[in-house]
Number of protein chains: 2
Amino acid sequence: MEQRVNIPEAIHGGIVRDAKNRMPEEGFCHSLAGFFKVLGDTTRVRILLALALSEMCVADIACLLGMTQSAISHQLRVLRQARLVKARRMGKISLYSLDDEHVESIVAEGAKHLSHGDRR
Amino acid sequence: MEQRVNIPEAIHGGIVRDAKNRMPEEGFCHSLAGFFKVLGDTTRVRILLALALSEMCVADIACLLGMTQSAISHQLRVLRQARLVKARRMGKISLYSLDDEHVESIVAEGAKHLSHGDRR
DNA sequence: TGAATGTATGAACAACTATTCATATAATCG
DNA sequence: CGATTATATGAATAGTTGTTCATACATTCA
């Protein structure tokens, strides 16, 4: 794709030059945003908060959240690909749980920011 | 809007009933997802990482990221509304910076998850 | 084996979003 | 004042995404 947009000159050249050297690479920024994007959906957040309470199968989550099995299954796939949840098969049932302890601390960190905003 | 979707029965009624009592309310889930959604865009992540290095004006960020002033300004508004960045006017220049220390710890927590995934 | 049940998935569509373009606002300086 | 510069913003658009519907896959059981 061709770039014909008009990028402005920096006003503080020194700061920009320095920042250019110290900025993380694009790939990292992209991955980081991709990770947060997964957390940026109400249904997926609710699934994670549910799994923080207990391991559950797809039908249980669907019932709990009042959504279809298909919708939940699609979102579980997104969460699995992001390594936020993991599944184990027990017969015809798939039991989902949080993939690691990180998940809860990230959610907690986000919640902290929300309550911080309320306080002002 | 009418709900005519077919919600499945729970398979493990006890677990679901218990979870229904302990789940955070919808509003909280929605706010939390909304917050992460703001972090779920590469441009906004790059802006935050840039401002973690130094306070900058709009034109500087645009130059640093190789994007138009307009695109940056639009995203800064989103970040401002989410209380992730703040601005102070110095004459005709708007200087942006991270709103609080939380921002960096949230980003760091996300990065931790990414590197965790790499390790397997 | 065939029926029943739980889960996964592809396609389609509606809703949302990030960027661009044009233009408005705001501040400085001659 | 008018010109210039920095930023903000509304409208349009192209690209993305979450849910639904239909259906496939997988497992159990009679």
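Letters go in sequence order (proteins before strands), and every chain restarts at 1. Side chains included, hydrogens not; waters and symmetry mates left out as well; all remaining heavy atoms used. Computed from a predicted model, the values in this text were never measured in an experiment.
- A:Ile11 comes within contact range of the sugar-phosphate backbone alone, with a heavy-atom separation under 4.0 Å but no base atom that close.
- Rounded to whole Å, the distance from CG on A:Leu76 to P on C:dT7 is 10 Å.
- Not a single donor-acceptor pair, N or O on each side, falls under 3.5 Å between the base of D:dT17 and the side chain of A:His74.
- Residues B:Ala71 and A:Met90 both approach DNA chain D. Their nearest nucleotides, taken by heavy-atom distance, put B:Ala71 toward the 5′ side.
- Side-chain nitrogen and oxygen atoms of A:Ser70 include none within less than 4.0 Å of the OP1 or OP2 phosphate oxygen of D:dA22.
- A pairwise comparison of heavy atoms in A:Leu49 and B:Pro24 identifies CD1-CG, 3.8 Å as the closest pair.
- Distance from the side chain of B:Ser94 is smallest to D:dT7 among D:dA11, D:dT7, D:dT20.
- For A:Arg80, the CZ atom is densely surrounded, since the number of other residues' heavy atoms within 6.0 Å is greater than 12.
- Just one residue in the list B:Leu84, B:Leu98, B:Leu95, B:Leu79 forms a side chain to side chain contact (heavy atoms under 4.5 Å, CB included) with B:Leu51, and that residue is B:Leu98.
- Remark: A:Arg89 is not in phosphate contact with C:dG6, judged by side-chain N or O atoms under 4.0 Å from OP1 or OP2.
- Contact check, A:Tyr96 against C:dA8: a side-chain N or O comes under 4.0 Å of OP1 or OP2.
- Contact annotation: A:Lys37 side-chain N/O to D:dT16 OP1/OP2 distance is not under 4.0 Å.
- A straight line from CG of B:Leu79 to C1' of D:dT7 spans 16 Å, rounded to a whole angstrom.
- Rounded to an integer number of Å, the gap from CZ of A:Arg88 to C1' of D:dT27 is 16 Å.
- Note on B:Ala59: only backbone sugar-phosphate atoms sit closer than 4.0 angstrom, heavy atoms only; bases stay farther off.
- Rounding to whole angstrom units, CD of residue B:Gln81 and C1' of C:dA18 are separated by 15 Å.
- Taking the side chain as every heavy atom from C-beta outward, B:Gln75 and B:Met67 never approach each other to under 4.5 Å.
- In terms of heavy-atom proximity, A:Ala59 sits nearest to B:Glu9 at CB-O, 3.8 Å.
- Residues A:Gln75 and B:Gln69 both approach DNA chain D. Their nearest nucleotides, taken by heavy-atom distance, put B:Gln69 toward the 5′ side.
- Regarding B:Ile93, its CD1 atom lies at a distance of 11 Å from the P atom of D:dA8, rounded to whole Å.
- Among C:dT19, D:dT20, D:dG18, the nucleotide with an atom closest to any side-chain atom of A:Asp41 is D:dG18.
- Remark: B:Arg77 is in phosphate contact with D:dT9, judged by side-chain N or O atoms under 4.0 Å from OP1 or OP2.
- In the set D:dA8, C:dT19, C:dA8, the nucleotide with an atom closest to the side chain of B:Val58 is D:dA8.
- Not one side-chain nitrogen or oxygen of A:Ser73 sits closer than 4.0 Å to the OP1 or OP2 atom of C:dT9.
- The distance between atom CD1 of A:Ile72 and atom P of D:dT19, rounded to the nearest whole Å, is 8 Å.
- Across the protein-nucleic acid pair, B:Met67 atom CE and C:dT19 atom C1' stand 7 Å apart, rounded to whole Å.
- Whole-Å rounding puts the A:His12 NE2 to D:dT5 C1' distance at 13 Å.
- An OP1 or OP2 oxygen of C:dC29 is reached within less than 4.0 angstrom by no side-chain nitrogen or oxygen of B:Lys92.
- Below 30°, between 30° and 60°, or above 60°: for A:His113 and B:Phe35 the angle between ring planes is below 30°, a parallel geometry.
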